[in-house]
Novice: 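Okay, here's the structure, questions in a sec.
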Protein chains: 4
Amino acid sequence: MYIQSITTMSKKEQIFDTMLKLIAENGIYYTPMSAVAEKGHVAVGTIYHYFKSKDELLNALYLNVQRDLAEVLLNSVSDGVDIKESFKNMWVNLYRYYIDKSDAFMFIQRITPSNLISNEVKEECKLIYMPIVDFFYKAIMEEVFVNMNIQMMTEMFFASVSSVAQLQFLGGLEITEDLLNDAANAQLKAFVR
Amino acid sequence: MYIQSITTMSKKEQIFDTMLKLIAENGIYYTPMSAVAEKGHVAVGTIYHYFKSKDELLNALYLNVQRDLAEVLLNSVSDGVDIKESFKNMWVNLYRYYIDKSDAFMFIQRITPSNLISNEVKEECKLIYMPIVDFFYKAIMEEVFVNMNIQMMTEMFFASVSSVAQLQFLGGLEITEDLLNDAANAQLKAFVR
Amino acid sequence: MYIQSITTMSKKEQIFDTMLKLIAENGIYYTPMSAVAEKGHVAVGTIYHYFKSKDELLNALYLNVQRDLAEVLLNSVSDGVDIKESFKNMWVNLYRYYIDKSDAFMFIQRITPSNLISNEVKEECKLIYMPIVDFFYKAIMEEVFVNMNIQMMTEMFFASVSSVAQLQFLGGLEITEDLLNDAANAQLKAFVR
Amino acid sequence: MYIQSITTMSKKEQIFDTMLKLIAENGIYYTPMSAVAEKGHVAVGTIYHYFKSKDELLNALYLNVQRDLAEVLLNSVSDGVDIKESFKNMWVNLYRYYIDKSDAFMFIQRITPSNLISNEVKEECKLIYMPIVDFFYKAIMEEVFVNMNIQMMTEMFFASVSSVAQLQFLGGLEITEDLLNDAANAQLKAFVR
DNA sequence: AATGAATGAGCCTTCATTCAT
DNA sequence: CATGAATGAAGGCTCATTCAT
């Protein structure tokens with residue numbers, strides 16, 4: 001089963017990668033399954049062997065990307081390190097991930113305002129992001145951050161990173177290290193006591 | 001002819017309103033022209049009499065909404081009033097507009113990450129938002145705000161409002177007046193010296 | 001009525017001319033009534049004031065052109081002149097008409113194989129071409145032409161002129177005076193005893 | 001795979017046959033793809049699986065028919081046989097093909113004056129008809145035919161056959177064997193020295 | 001007589017999905 | 001597991017025609 005899983009993963013990975021890339025380029029509705037098949041060097045039928053529908057594929061892909069994002073954030077904090085420092089790490093690392101994996105960023109940007117993500121997947125995402133929520137919780141408990149609704153904080157946090165990444169991609173603004181620091185600092189200031 | 005002009009406006013308005021509502025409900029790609037026609041009580045051909053294509057209609061609608069948004073922001077600041085106060089007004093008023101005109105909010109959320117808005121319209125939007133840019137410029141000049149890239153500031157500003165509105169709409173979080181104040185204050189803190 | 005007829009003719013003429021030109025350029029089915037209206041500087045409703053339908057307009061236009069063609073042919077023969085000479089005049093003058101009025105030629109080429117011309121108009125055309133049939137009849141009676149079915153002769157006559165005109169227009173062959181003479185002579189030889 | 005290839009051919013053939021028949025009956029623009037699908041017992045999507053567009057289908061069909069025509073002509077001449085005899089064979093055989101395969105005839109009549117045939121296909125047709133051009137070339141070299149532009153001769157040849165076939169189909173003239181001979185002889189006379 | 005806004009049937013085409021191999 | 005031919009519902013758009021002014 002391990003061997004099989006490898007092979008399976010590889011086909012699935014191929015499909016995931018291709019769809020991510022195509023959606024980043026053209027958008028969800030200009031990415032037909034046939035194109036994913038062609039560019040991914042698999043048959044349409046093969047995609048439907050692994051995923052029940054386009055929706056399901058999109059949801060699976062979304063979950064995949066969210067797991068990556070959460071991992072990036074989690075790797076940015078460590079118990080010993082200063083909370084403010086950790087926050088800025090999170091901000092900057094998430095930003096860098098968005099830039100490095102621009103396909104993933106564009107995909108998330110595009111799928112989020114759609115109705116396509118199921119409630120099940122949304123719930124699963126909440127679980128995945130638990131540790132991040134925990135981080136904010138601790139920051140408040142330790143009286144580093146103001147006592148604000150955590151859900152709101154995390155949303156604002158994500159929104160700030162995304163907005164700067166968007167600027168870099170579409171806004172025609174070259175985001176230098178200085179600008180990056182400014183943005184991260186601003187967002188930190190928004191939350192500290 | 002004056003009467004006719006009124007009627008004409010009303011037809012276009014009818015189309016705009018219907019499309020806005022349907023996109024808010026179902027998304028751009030689940031809003032076929034035929035549905036706009038049906039729900040808007042006009043013939044498909046009539047829509048194409050006023051707009052060359054679905055794309056053009058979307059762009060026109062986008063511009064309409066952006067003008068409304070800019071007006072809301074502009075009405076939130078007045079020369080005599082304290083900059084910090086004005087900023088919070090802008091934040092809260094924009095938020096309230098999003099909540100009141102949730103269709104407009106959803107529409108903007110959905111069309112922004114798409115490729116559908118033409119560069120011409122984007123340029124026109126920049127002009128529309130000039131006064132807002134000016135506001136941030138003055139805030140920096142008067143040393144109320146930190147010296148940050150203004151484009152980045154405005155993006156972060158919009159992102160913060162949107163993220164909280166999103167929470168209200170999809171996140172299942174009831175945004176009370178207190179939460180609202182927290183968010184607006186946080187974003188203000190992000191920018192003040 | 002004469003004055004009125006002039007005005008009327010002028011509008012009708014405008015419509016005729018525009019439609020002829022547009023069909024020559026783009027073909028019947030790529031010539032919408034709206035285009036005829038726009039390029040002809042009349043309102044769509046105006047066209048429908050003069051013609052019951054697109055079909056009727058096409059039929060009227062067809063009849064117009066056929067009348068012109070018949071006149072050209074008729075003007076090519078005169079009682080005293082030698083039959084062979086007259087035939088060659090007809091051939092060459094028809095060809096020149098096709099070249100000069102290429103729009104009319106293209107229109108005829110395009111509408112003939114369609115089903116759009118009504119039987120009434122076809123019958124009327126037969127009447128118009130009576131004198132030409134007469135010419136062939138006399139040529140046979142006077143034993144200049146072979147005794148062939150006259151309808152067949154006229155069809156072959158028209159076909160030969162059209163085919164050479166077509167060559168000039170689409171075949172990329174420059175039809176010189178010599179080539180023209182060769183063709184006319186050949187077709188004459190086909191019919192003489 | 002051999003079997004499959006047969007099946008595939010049969011699907012394409014089905015589409016070709018149906019479209020030919022429908023265009024012969026109703027004309028190109030009154031032959032919607034949906035009708036081809038329905039009458040051809042295939043799904044619309046299937047047509048688009050084999051042909052990129054209606055245009056491409058028309059071009060492929062045109063090429064098919066032209067190949068048939070060229071073959072008919074080629075089979076009408078053999079090296080040993082008298083040139084005049086061969087010419088008359090070509091004329092009569094082409095005529096009979098038009099009568100037998102009236103759908104093909106009508107299709108060609110209708111598509112030729114349109115702009116729908118691409119230059120590539122036109123070029124390919126020229127290659128296909130090379131042997132026929134050769135025949136006329138030899139006829140001139142051997143001083144059986146007059147020294148006329150060959151392109152013009154072939155056009156006039158085709159035009160004469162078509163015009164007589166047209167008469168039979170639409171002109172209401174019953175073309176007897178005698179009439180046929182008259183026409184073929186006349187066209188021969190047009191070209192011989 | 002003249003206008004052109006309004007209509008909606010119908011066209012070409014796409015694409016998610018199925019299924020026989 | 002993998003393939004890709006086949007399906008047909010549905011979408012964007014056109015255009016002949018009508019009608020109120």
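In what follows, chains are A, B, ... by sequence order, proteins preceding strands, each numbered from 1. From a predicted model like this one, the values you see are computed outputs, not experimental measurements.
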Novice: Want to settle it: does A/Thr31 or D/Thr31 sit nearer the 5' end of DNA chain E, counting the closest nucleotide to each?
Specialist: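 Comparing both residues, the 5'-ward one is D/Thr31.
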
Novice: Return the 5'-most residue of the pair B/Met33, C/Tyr29 with respect to DNA chain F, ranking by each residue's nearest nucleotide.
Specialist: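 Counting from the 5' end, the first nearest nucleotide belongs to B/Met33.
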
Novice: Which nucleotide, if any, forms a Watson-Crick or G-U wobble pair with F/dT7, using both distances under 3.5 Å?
Specialist: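 Here F/dT7 is engaged in a pair, and the nucleotide opposite it is E/dA16.
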
Novice: CG of C/Leu57 versus P of F/dA16: gap in Å, rounded?
Specialist: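 After rounding, the reported distance stands at 11 Å.
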
Novice: Separation of C/Lys54 atom NZ from F/dT14 atom C1', in whole Å?
Specialist: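 Going from NZ in C/Lys54 over to C1' in F/dT14 covers 11 Å.
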
Novice: Between E/dC12, F/dT17, F/dT7, which nucleotide has the shortest distance from any of its atoms to the side chain of D/Lys11?
Specialist: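 Nucleotide nearest to D/Lys11's side chain: F/dT7.
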
Novice: Would you kindly give the CG-to-C1' distance between A/Leu116 and E/dA16, to the nearest whole Å?
Specialist: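 That distance rounds to 13 Å.
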
Novice: Starting at the 5' end of DNA chain F, which residue's closest nucleotide do you reach first, C/Lys52 or D/His41?
Specialist: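 The residue whose closest nucleotide sits nearer the 5' end is D/His41.
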
Novice: Does C/His49 place a side-chain N or O at less than 4.0 Å from the phosphate oxygens OP1/OP2 of E/dA2?
Specialist: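 No, outside the criterion.
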
Novice: Given E/dA2, is OP1 or OP2 found less than 4.0 Å from the side-chain N or O atoms of C/Tyr50?
Specialist: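 Yes, because at least one side-chain N or O of C/Tyr50 sits under 4.0 Å from OP1 or OP2 of E/dA2.
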
Novice: Rounded to whole angstrom units, what separation is found between the CD1 atom of D/Ile47 and the C1' atom of E/dC11?
Specialist: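 My rounded result for the distance is 13 Å.
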
Novice: Can you tell me the pairing partner of E/dA9 across any strand shown, Watson-Crick or G-U wobble, with both distances under 3.5 angstrom?
Specialist: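 The base-pairing partner of E/dA9, which may sit in any strand shown, is F/dT14.
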
Novice: Checking A/Asn59 side chain against A/Ser118 main chain: does a donor-acceptor pair fall under 3.5 Å?
Specialist: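 A pair under 3.5 Å: yes.
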
Novice: Grab the CG-P distance between B/Asp55 and F/dG11 for me, whole Å please.
Specialist: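 After rounding, the reported distance stands at 17 Å.
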
Novice: Find the distance A/Glu38:CD to F/dA5:P and express it as a whole number of Å.
Specialist: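 Computing the A/Glu38:CD to F/dA5:P distance gives 12 Å.
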
Novice: Ring centroid separation for D/Tyr30 and C/Tyr29, is it under 6.0 angstrom?
Specialist: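 Yes: the rings meet the under 6.0 Å criterion.
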
Novice: Tell me whether the OP1 or OP2 atom of E/dC15 has a side-chain N or O from A/Tyr30 closer than 4.0 Å.
Specialist: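 Negative; the distance criterion is not met.
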
Novice: side-chain hydrogen bond (donor to acceptor under 3.5 Å, both in side chains) for D/Arg110 and C/Asn115? Distances and angles first, verdict last.
Specialist: CA-CA 10 Å; D/Arg110 289 188 151 149; C/Asn115 286 329; 2.8 Å; yes

Novice: So, for B/Phe16 and B/Phe51, is the gap between ring centers shorter than 6.0 Å?
Specialist: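 That pair passes the under 6.0 Å test.
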
Novice: Can you tell me if D/Thr46 touches the phosphate of F/dT7, counting only side-chain N or O atoms and a distance under 4.0 Å to OP1 or OP2?
Specialist: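 Result: yes.
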
Novice: D/Pro32 has a side chain; which of F/dA16, E/dT7, E/dC12 sits nearest to it?
Specialist: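 Among F/dA16, E/dT7, E/dC12, the one nearest the side chain of D/Pro32 is E/dC12.
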
Novice: Is there a Watson-Crick or G-U wobble partner for F/dT21 with both distances under 3.5 Å, and which nucleotide is it?
Specialist: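 Answer to the pairing question: E/dA2, which forms a Watson-Crick or G-U pair with F/dT21.
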
Novice: Taking side chain to side chain contact (heavy atoms under 4.5 Å, CB included) as the criterion, tell me which of D/Lys21, D/Met19, D/Glu25 meets it with D/Asp103.
Specialist: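 Checked D/Lys21, D/Met19, D/Glu25 against D/Asp103; only one passes side chain to side chain contact (heavy atoms under 4.5 Å, CB included): D/Lys21.
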
Novice: Rounded to whole angstroms, how far apart are NZ on B/Lys12 and P on E/dA5?
Specialist: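 Checked: the NZ to P distance equals 11 Å.
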
Novice: Report the nucleotide, chosen from F/dA6, F/dA16, F/dC13, that has the shortest atom-to-atom distance to any side-chain atom of B/Val44.
Specialist: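 It is F/dC13.
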
Novice: Please give, in whole Å, the distance from F/dA10 C1' to D/Tyr48 OH?
Specialist: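 Roughly 14 Å, once rounded to whole Å.
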
